Amino acid sequence: MSGLALQNVVKEFGSFRAVNNVELTVPHGTFVCMLGPSGCGKTTLLRMIAGLDLPTGGAIRLDGEDITRVPTHKRNLGMVFQSLALFPHLTVGENIAYPLRIRKAPKEDQKRRVEELLSMIHLAGYADRPVSKLSGGQRQRVAIARALAISPKLFLLDEPLSALDAKLREAMQVELRQLQQQLGITTIVVTHDQREAMTMADTVVVMNGGEIRQAASPIEIYRRPADSFVADFIGQTNLIEAEADTQGQVSVLGQPVPGLALPAGAAKATLSIRPEDVHLTAPVAGAISGTVTFVRDLGGTIETFVDVAGRQIVAVSTPRQRPDVTVGQQVGVALTPDVCVVLRK
Amino acid sequence: MRREPPQTVGDYAPLLFPAAMLTIFFVVPFGTMIAVSFFQRQQGGFYTPAFVFDNYGRFLSAFFGSVLGFSLMMAVAVAICCVVLALPFTYMLTRMARSVQVVWLVALLSVLSLSEVIIGFAWSTLFSRTAGITNILVALGLMGEAKALTPSFAAVLTGMVYQAFPYTVLVLFPALVRLDPTLTEAARTLGASPLKAFFTVVVPALRNTIVATLIMVFIFALGSYLLPQLLGRPQHWTLSVLITDQAIYQSNMPFAAAMAVFLVLVTLGLVALTVIAGRKGEAA
Ligand SMILES: Nc1ncnc2c1ncn2[C@@H]1O[C@H](COP(=O)(O)OP(=O)(O)O)[C@@H](O)[C@H]1O
Ligand SMILES: [Mg+2]
């Protein structure tokens, strides 16, 4: 199979397991974002793919070949570090040419490739500048160009945009995605920013505690989170307990929700309901109802906090569908089975 | 914080202490030495104030010229050996666990506490025929019979490198610790073997530190006057040995002073050349 495959990869530091039994296949040409809170093992996993750390167990395959123990410099990859790691003693052009120089490419080829890459990253004419004279965004681009100089088999980036300010970061996300699609290169980006992951990825891999919790397309992750961690980590959600009686009738917050089914045999489960799927109505007998505790009007969206029997539920709406409610008012909360995602745990 | 330029004479007060120290411990002795270097020598060990160039004139002979040349060559050799050995050593040291680093640094500091005399006698024993390291080689069957390795140029070089090595490591250590370890990792992901990464990234990125360290060890080695006598033949004696000999045993202070002044001038000239060459390299 062409692409990258992680098979049961484990990494231990002493008795601490930083990466636990990771299984993942990345088909050739896809863009994968590894997403998770700080310390969940993303960098460690990326470093093992790069060969900078050796896995304690498991195997890493690239295009069918076992590369678990192949030294980094023989893997033909491009990597962008969180610190960028541009060589301070070299100019922009020399930095980009470094992988070509190491491979003893002819001088003219190096020069041509550097110019090609510089125009690709919109820095044509910058070849002779020292890297210290560049702005943050420009250094970012140089690091990307250097990693792509040999047209690597794998393009790895560790939180590449975290040092940029918010505006520039969003622009670079789009640019990076367009670049990847244009080159068709297999790319893995580590990030802790879910917006970034949703913007760029074909596949989002959500990690926590050294394990993969879910790997799927951004919309699938958002619409069908596998568990409460994923549901909570990606966007905002309401996590609510559901109970089934002996006939299989499911009730939520004390009120039956017809048409909703829990996994066979389960008496209890957690539901994830996105705030934009929660609709507020006038109080109706026999439906869930609660008291409005706070209204946060952000202009573009309006968040309404409702207290239902001690549980807080958030509803989000657009200004056009502004619910006509005030704090302290009794409201009904309409839940339909299609908006309730039953979580694995 | 904004720094105001000094307004009154009182604002210069903080400079007084360092200025006084510099005057008492550097300007006065060095000035005295320069003055003495022009004095007239009296038979019987004393000198009378004068302004003659005899001392410098005597110095400009083939003999002293060759001693000066040998001293400079020796100091350069020591500086290069020290940096070539200490750079990879320190690089590896900075990548070890903190506890290992502490053990090594303490060991190196304890070498620093040894005096030149002890180092000299220790190495002359190690290089001797009767109790030296060649006996180990004989015991291992690698050598036919034990032999003396001293006095020789190699023995002097070894002793001086041993003495200067801890300084070299201590000077290189902070720069190597500060060097971003992801630089070498980046070089490896870009296709450089660890060895190639060391030579294409670590060494060039530390160019200025390396040049400064070479100069420091060079000057340090120029001042060594006991080791050449303990481990070398008279032809391995450096200018520092001759200066000591003139000053202490021949009681010829004016001539010793003249040689010392000349050594200082040549050293300053060489250091200036190195720095200028370094600047040029930087600009290119
Ligand atoms: N060299 C190391 N030695 C010991 N523990 C480490 C080492 N590298 C990482 N860890 C630990 O492994 C865990 C995962 O780290 P990392 O992969 O850097 O997380 P992330 O990149 O997701 O923030 C962290 O708890 C970290 O403390
Ligand atoms: Mg990280």
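Throughout, a chain's letter reflects where its sequence line sits, starting with A, and its residues are numbered from 1. Remember, it's a predicted structure, so these values are computed and weren't measured experimentally. No hydrogens, no waters, no symmetry mates; every other heavy atom, side chains included, goes into these values.
The greatest number of non-hydrogen atom pairs below 4.5 Å with chain A, out of B:P181, B:G191, B:A197, B:A187, is found for B:G191.
Both the backbone and the side chain of A:R146 have a heavy atom closer than 4.5 Å to some heavy atom of chain B. For A:L156, no part lies near chain B; criterion is any non-hydrogen pair under 4.5 Å. With a 4.5 Å cut-off on non-hydrogen atoms, A:P71 does not touch chain B at all.
A:E175 and A:R141 are joined by a salt bridge, as a carboxylate oxygen and a charged side-chain nitrogen come within less than 4.0 angstrom of each other. For A:R103 and A:D109, the salt-bridge test fails: no basic side-chain N is under 4.0 Å from an acidic carboxylate O.
Judged by distance alone, the side chain of A:T191 and the main-chain N or O of A:L35 form no donor-acceptor pair under 3.5 Å. Of the possible polar contacts, none joining the A:E196 side chain to the A:S162 backbone as a donor-acceptor pair under 3.5 Å is found.
Classified by interplanar angle (parallel below 30°, tilted 30° to 60°, perpendicular above 60°), the ring pair A:H89/A:F87 is tilted. Between B:F220 and B:Y167, the ring planes are tilted. Angles from 30° to 60° get that label.
A cation-pi contact, defined as under 6.0 Å to the ring centre and within 45° of the axis, links A:R129 to A:Y126.
Applying a 4.5 Å heavy-atom cutoff, none of the residues of residues 110-124 of chain A approach chain B.
In this structure, a donor-acceptor pair under 3.5 Å is absent between the side chains of B:T213 and B:T168.
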